[in-house]
Amino acid sequence: MHWADHTAQRLSEKNDSQVIASGITPSGEFHIGHLREILTAEMIHRACLDAGEKSEYIFIVDSMDPLRRVYDFLSEDYEKYIGFPLANIPAPNPDGTPNYNGDNYANHFLNPFLEALKQIGVNPIVVMNHETYENGEFAEKIDLAITNRVEIRNVIEEISSRELPEKWYPYNPIGSDGSMDGVVITRYEKPYVYWTDSYGIDGKSDIRKAEGKMPWRVDWAAKWGVHGITCEPAGKDHGAAGGSFDTGIPICRILGSEPPDKMVYEWIQLKGSGPMSSSSGNTIGPVEALSLVPPEILRYVIARTKIKKHIDFDTGPSLFETADEYERLVSNPPEHKELNKKKKVARDTALGALRLSQVRRGEDATLSTAGVSFRHLAMLAQIKSNDEDIWDSLKRSKHLDGEPNEVLINRLSRMRHWIDSRHFPEDARIKIQESISEENRNKISNEQSDFLNLLFSRLEKIDWNEKEINENIRSVSSDIGLNRRDAYIALYILILGSEYGPRIASIMNEVGKKITLDIFSKSL
RNA sequence: GGGUCUGUAGCUUAGUCAGGUAGAGCACCGGGCUUUUAACCCGGGGGUCGCGGGUUCGAACCCCGUCAGACCCGCCA
C-alpha cells in the first residue's frame, strides 16, 4: 500500500474528519525541499479524500515568525528589523535593500511559491499565522500557556534538555520599536501582558491581537489545537528525540487539545551538494524546477519515495530515468492477475504513486503521458528547431497519432528549457563535430573511408532532405559492399564523434547541407 | 555524549509495520524489427538482502550487538 493511503487509513481509525497541515516560515526564497513538506501533506489529504473521508488541507504560513538575522541576500538595512514579525517588514529589492513601497516580506516570498503550487495541482487553504493572532483565535491558548507556564517550561526542559530562565514566559511581546527581542515580561493580567523593552520603555500587549507571539515550540502546539489539525508531517529536524514534535505533543494537551501523531519525513538534497537551505543559497526554486520538470514528474519524485527516505533531487541524468519510469508505469501498469501478497503490495504501491502524481486529483494517468520517452524527445528537440518537424518525426515513428496533445506540447517546451539550461546532462547533449579527431580517424577502416568518400561526392549533388540523404547512405553502402551497420558507425564517428546516436539523416538534414559537407571535406 | 532515520543486483529501488521459495526498472549482453544504431519488440546473465549473533520448523522482515552514511539535540522542511 502507498504510504499516503496507509496514513489515511490510520487517520480514519482515529478521527471522523481530517485536517492535514503544512507549516513553513517564509524567511527567504522557497525551494524544492519545501515542496516535499507540501506534497507529503497534500498527498495524504488526497488519499483521505480518495478513501471517502472528509479532509481539508491547510498551509500555515509562519508570517508572525521574527526575522532571525540578516541573511546573505539582505542588505545591512535589515539589521533594524531583526526580531520583527516577517509580516511587518518590507520585502527586499533584488539588491537586498528594503522596498518600502512593495509587499511585506512574507508575501514577497510566498506568492511565487503559491503560483508554483498551483502548477503542480496543490490548492491549499492558506492561513497567514499573523492573522490568526490578529483576530484573536490564539487568545485562549496564550492565556492557557501563560497560566500553565511552569508546567510547559518543565516539559521543554525535560524533553529537550534545554534550560529556560526562571522567569520564562511562553509569550514574546512586541516592544515599542516593533521587535520581539529583548522584551521582558513584568506581569500578566488577562488579556494584557505587561512588559519592559530593551530601551526601558514599558508597555502592554493584548493577547487577542498580533501584539506578540508564542515561541516556536508552543506556537506550533497551539496551532494544532486552534485549527484542529489531525496530521502534520514535519521535517526530520523537528522529528529528532527532544525536538519540537516531542515537546509539542504534551504542550498541545496542556493547552487543552489532542495533538496529531508524530510523523517525520526526510529531506531532499541537491545531488552532491548537501541539504538545501534558504539562507545558504544552496537551492533550486520550485519555479525554476517547474520550468524544466513536468509537474506530474515532480509529484512523482515525491510520491514514489517513502517519506523516511532521503531524495537526491537531480535535474541531470536521473531525470531521464524518473520521467521514463513514469511513462512506462502509465503505459504498462502492473497487471491485475493472480499475484502473491508481496507482489500485490508492490503493485498497489506503484499504482498509488501514479494516482497521487496526477496534477488534477482523480484524473486518468494516461492523459498525463506524452507517449514518447524523455530521451527520445531530448534527442529530437536538439536536432529539430521547428516543433512541427518534431511532430512529423513522431508520427513517422508511430509515437504520435494525429495532433500532439497539451501534455506533449508542454513536455517539449520544458525540454527546450532544460536543454538550454546548465542542468542538461552533457552526455545527452548532441555535439556536432567540426572535423574528425586523430583518435576517431583511426577507428575508421579503409572500407568505411571509401564509403564516406563516395557518399560525400553523391551528397554534393542531391536535394537536401532526410529522405534523399537516407537513400544515398543505403545505396552507397550497397555499392561499396559495406554492411549497413558499419556504414552508420562511420557516419556517427564522423559527425558526432561517437559510434552511435540518433537517426543520423535527421541530424544531417537539420544541420544543413553546407555545414555537413564541410565536416566531410575537412575530415577526408 | 544522547537520539532518529537509512543500508537489498553496477545504479535507482519494491518487499520490513501483519516472518513463508528475493521482485522491478535502468545499465549490460544476445536476438528480432530487412528505411538506421539514443525508436520498438523478445530473451539472458547478475543479489553472502551492511556485518555478527539470537528467537523460530522457517528471518531481508522480529530481538540484541556492531559497522557505515545522513540528520537532530541551538526557531533552517
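A note on names: the letters A, B, ... follow the listed sequences, proteins ahead of strands, and every chain is numbered from 1. Everything numeric in this text was worked out from a predicted model, so none of it was measured.
Out of C75(B), A77(B), C5(B), the shortest distance to the side chain of R68(A) is found at C75(B). Taking every side-chain heavy atom of D65(A) into account, C75(B) is the closest of C75(B), U12(B), C72(B). Each of C75(B), C5(B), A77(B) was ranked by its minimum atom distance to the side chain of R217(A); first place goes to C75(B). Of all nucleotides listed (C71(B), C75(B), A77(B)), A77(B) comes nearest to the side chain of D237(A).
Between E321(A) atom CD and G10(B) atom P the separation is 15 Å, expressed in whole Å.
Phosphate contact (OP1/OP2 of A14(B), side-chain N/O of K306(A), threshold under 4.0 Å): present. Contact check, K309(A) against U12(B): no side-chain N or O comes under 4.0 Å of OP1 or OP2.
Residue R36(A) is out of contact with every strand shown, counting any heavy-atom pair closer than 4.0 Å. A378(A) comes within contact range of no nucleotide atom at all, as no heavy-atom separation falls under 4.0 Å. Contact annotation for H6(A): base contact, defined as any heavy-atom pair under 4.0 Å involving a base atom. Counting non-hydrogen atoms under 4.0 angstrom, L329(A) reaches nothing in the nucleic acid.
Taking the nucleotide of RNA chain B with the nearest heavy atom to each of R429(A) and R328(A), the more 5' of the two is matched to R328(A).
Residue ring and base: Y265(A) does not count as stacked with A77(B) (centre distance below 5.5 Å and interplanar angle below 30° not both satisfied).
Only the C1' atoms considered, U16(B) is 24 Å distant from C72(B), to the nearest whole Å. To the nearest whole angstrom, the two C1' atoms, one in G47(B) and one in A27(B), are 16 Å apart. Here the separation of A9(B) from U48(B), taken at their P atoms, is 9 Å to the nearest Å. Straight-line distance between the P atoms of C67(B) and C29(B): roughly 41 Å, to the nearest whole Å.
Using Watson-Crick or G-U wobble geometry with both donor-acceptor distances under 3.5 Å, C75(B) finds no partner in any strand shown. Nucleotide C40(B) forms a Watson-Crick or G-U wobble pair with G32(B), both donor-acceptor distances falling under 3.5 Å. Pair check for C26(B) finds G10(B); Watson-Crick or G-U wobble, both atom distances under 3.5 Å.
Salt bridge K223(A)/D62(A): present, at least one basic N to carboxylate O contact under 4.0 Å.
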